[in-house]
Amino acid sequence: MTRPRVLLATRNGKKLAELRRILSDSVDITLIGIELVGIDDVPASDEPAETGETFAENALIKARAGAAHTGLVAVADDSGLSVRALGGMPGVLSARWAGRDRDDAANLDLVLDQLADVPEGRREAAFLCAAAVVSPDGTEHVVEGRMPGRIIHVPRGTGGFGYDPVFIADGQRRTNAELAPDEKDAISHRGSAFRALVPTLALVVGRVGHRDSDETGPNTA
């Protein structure tokens, strides 16, 4: 019996590995036997423009595009850093804060430069995530996760990606980049959002699989 396939609609290799790790730890996903595939496992397509004003809007844009292109149930997220001293920015611009052609290091350096004169007690921040599941029949569901913490002055650690080396979550002494993957997953914004998404994802995949079975199964009338 062919396992149902679910598209993880991201081209970020590190994020893809993280999402696979989080979802693969779910009992619901294991029981259904879902095969999690990435963008590189399906026919090539243009990347949709992330024109939403919120994380939820951008997550839906990516999941809708993935479902429409592949005919699979698609899961996508949009996430980023919200810094209180920067009025909630970079927000949805987190991945391109230093410019569309810049990288994680440039984004991180710009945030540190902008916070250079901000004292320790005013460096509160949070990682935010919206995770969406969209099925080819138009079913849509979005959940959100939050990871509060603060921005330190000097990057530490080699794990994670993005702003992880300068972010310490509440209750932690190490940066996200110093945490082991499973430690980060347990408290992260993406971990929280995707764990909350799993029950709906399982229901959607189960319904789609049942419908496909009805459509392709033998006629017993």
Side-chain angles (χ1 to χ4, degrees), residues 8-16 18-19 22 47-65 75-132 142-179 184-185 187-197:
L8 299 180
T10 177
R11 285 184 166 83
N12 184 322
K14 292 183 178 180
K15 181 185 287 189
L16 178 62
E18 185 173 287
L19 298 187
I22 293 168
E47 188 170 1
E50 297 178 33
T51 56
E53 296 182 2
T54 66
F55 293 119
E57 290 174 359
N58 282 332
L60 281 169
I61 286 172
K62 291 184 276 190
R64 286 168 182 160
V75 169
D77 89 295
D78 194 41
S79 53
L81 180 70
S82 173
V83 181
R84 181 177 178 184
L86 300 180
M89 301 302 281
V92 295
L93 301 176
S94 293
R96 50 190 185 278
W97 189 233
R100 288 187 175 276
D101 297 327
R102 308 304 296 276
D103 58 13
D104 283 354
N107 292 330
L108 186 154
D109 288 343
L110 179 55
V111 165
L112 288 182
D113 286 345
Q114 292 170 324
L115 295 178
D117 297 325
V118 177
E120 192 68 35
R122 294 176 50 210
R123 299 175 73 90
E124 301 98 330
F127 274 122
L128 306 174
C129 173
V142 182
V143 297
E144 298 183 347
R146 186 173 185 271
M147 184 187 199
R150 60 188 174 87
I151 303 297
I152 61 174
H153 294 269
V154 179
R156 296 193 333 234
T158 58
F161 56 96
Y163 299 95
D164 281 345
V166 296
F167 184 88
I168 295 181
D170 287 352
Q172 296 289 319
R173 294 185 177 181
R174 292 172 292 166
T175 69
N176 278 7
E178 293 176 304
L179 297 175
K184 178 186 171 185
D185 293 346
I187 61 173
S188 77
H189 52 310
R190 266 189 294 273
S192 175
F194 276 89
R195 282 189 293 271
L197 189 68

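Throughout, numbering of the chain's residues begins at 1 and tracks the sequence. This structure is a prediction, so every number in the text was calculated from the model and none was measured. Values below: all heavy atoms of this structure, side chains included; hydrogens, waters and symmetry mates excluded.
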**Q** A side-chain contact here means heavy atoms from C-beta on lying under 4.5 Å apart; do Ile168 and Arg174 qualify?
**A** no
**Q** Just wondering, do Glu50 and Ile61 contact through their side chains at under 4.5 Å, heavy atoms?
**A** no
**Q** Any side-chain to backbone donor/acceptor pair from Asp78 onto Ala130? Under 3.5 Å, distance only.
**A** no
**Q** Between Asp77 and Lys15, is there a side-chain N and carboxylate O pair less than 4.0 Å apart?
**A** yes
**Q** Ser188: what forms a side-chain hydrogen bond (donor to acceptor under 3.5 Å, both in side chains) with it, not counting sequence neighbours?
**A** none
**Q** Taking salt bridge (charged side-chain N to carboxylate O under 4.0 Å, His left out) as the test, write out the residues that go with Arg123, two or more places apart.
**A** none
**Q** When you compare the side chain of Leu81 with that of Leu128, does any pair of heavy atoms fall below 4.5 Å?
**A** no
**Q** If the condition is ring pair (Phe, Tyr, Trp, His ring centres under 6.0 Å), which residues does Phe55 pass it with, not counting sequence neighbours?
**A** none
**Q** Any heavy-atom pair between the side chains of Thr175 and Val166 that's under 4.5 Å?
**A** no
**Q** Is the backbone N or O of Gly52 less than 3.5 Å from a side-chain atom of Asn58, with the two atoms forming a donor-acceptor pair by type?
**A** yes
**Q** Just by distance, no angles: are the side chains of Ser79 and Arg190 close enough, under 3.5 Å, to form a donor-acceptor pair?
**A** yes
**Q** side-chain hydrogen bond (donor to acceptor under 3.5 Å, both in side chains) with Arg122: which residues, sequence neighbours excluded?
**A** none
**Q** Cut-off 3.5 Å, no hydrogens considered: what does the side-chain donor-acceptor table look like for residues 110-120, sequence neighbours left out?
**A**
from   : atom 1 : to     : atom 2 : distance (Å)
Gln114 : OE1    : Trp97  : NE1    : 2.8
Glu120 : OE1    : His153 : NE2    : 3.2
Glu120 : OE2    : Arg150 : NH1    : 3.0

**Q** Taking only residues at least two apart or on different chains, which pairs with a member in residues 156-169 satisfy side chain to side chain donor-acceptor pair (under 3.5 Å)?
**A** Arg156-Glu178, Asp164-Asn176, Asp164-Lys184
**Q** For residues Asn12 and Phe161, determine if any side-chain heavy atom of one lies less than 4.5 Å from a side-chain heavy atom of the other.
**A** yes
**Q** Using the test side chain to side chain contact (heavy atoms under 4.5 Å, CB included), find all partners of Leu60 that sit at least two apart in sequence or belong to another chain.
**A** Arg64, Ala132, Val134, Glu140, Val142
**Q** Identify the two heavy atoms, one from Cys129 and one from Phe194, that lie closest to each other, and give their separation to 0.1 Å.
**A** SG-CE1, 4.4 Å
**Q** Give every donor-acceptor pair under 3.5 Å between a side-chain atom in residues 84-91 and any protein atom, sequence neighbours left out.
**A**
from  : atom 1 : to     : atom 2 : distance (Å)
Arg84 : NH1    : Glu124 : OE2    : 3.4

**Q** Do Asp185 and Glu18 have side chains that get closer than 4.5 Å, going by heavy atoms?
**A** yes
**Q** Could you list the residues that satisfy side chain to side chain contact (heavy atoms under 4.5 Å, CB included) with Glu57, not counting sequence neighbours?
**A** Glu53, Thr54
**Q** So, do Asn107 and Ser94 sit near enough that their side-chain heavy atoms are less than 4.5 Å apart?
**A** no
**Q** Quick test of your reading: applying salt bridge (Lys or Arg N to Asp or Glu O under 4.0 Å), list the pairs with at least one residue in residues 96-106, sequence neighbours left out, ordered by first then second residue.
**A** none
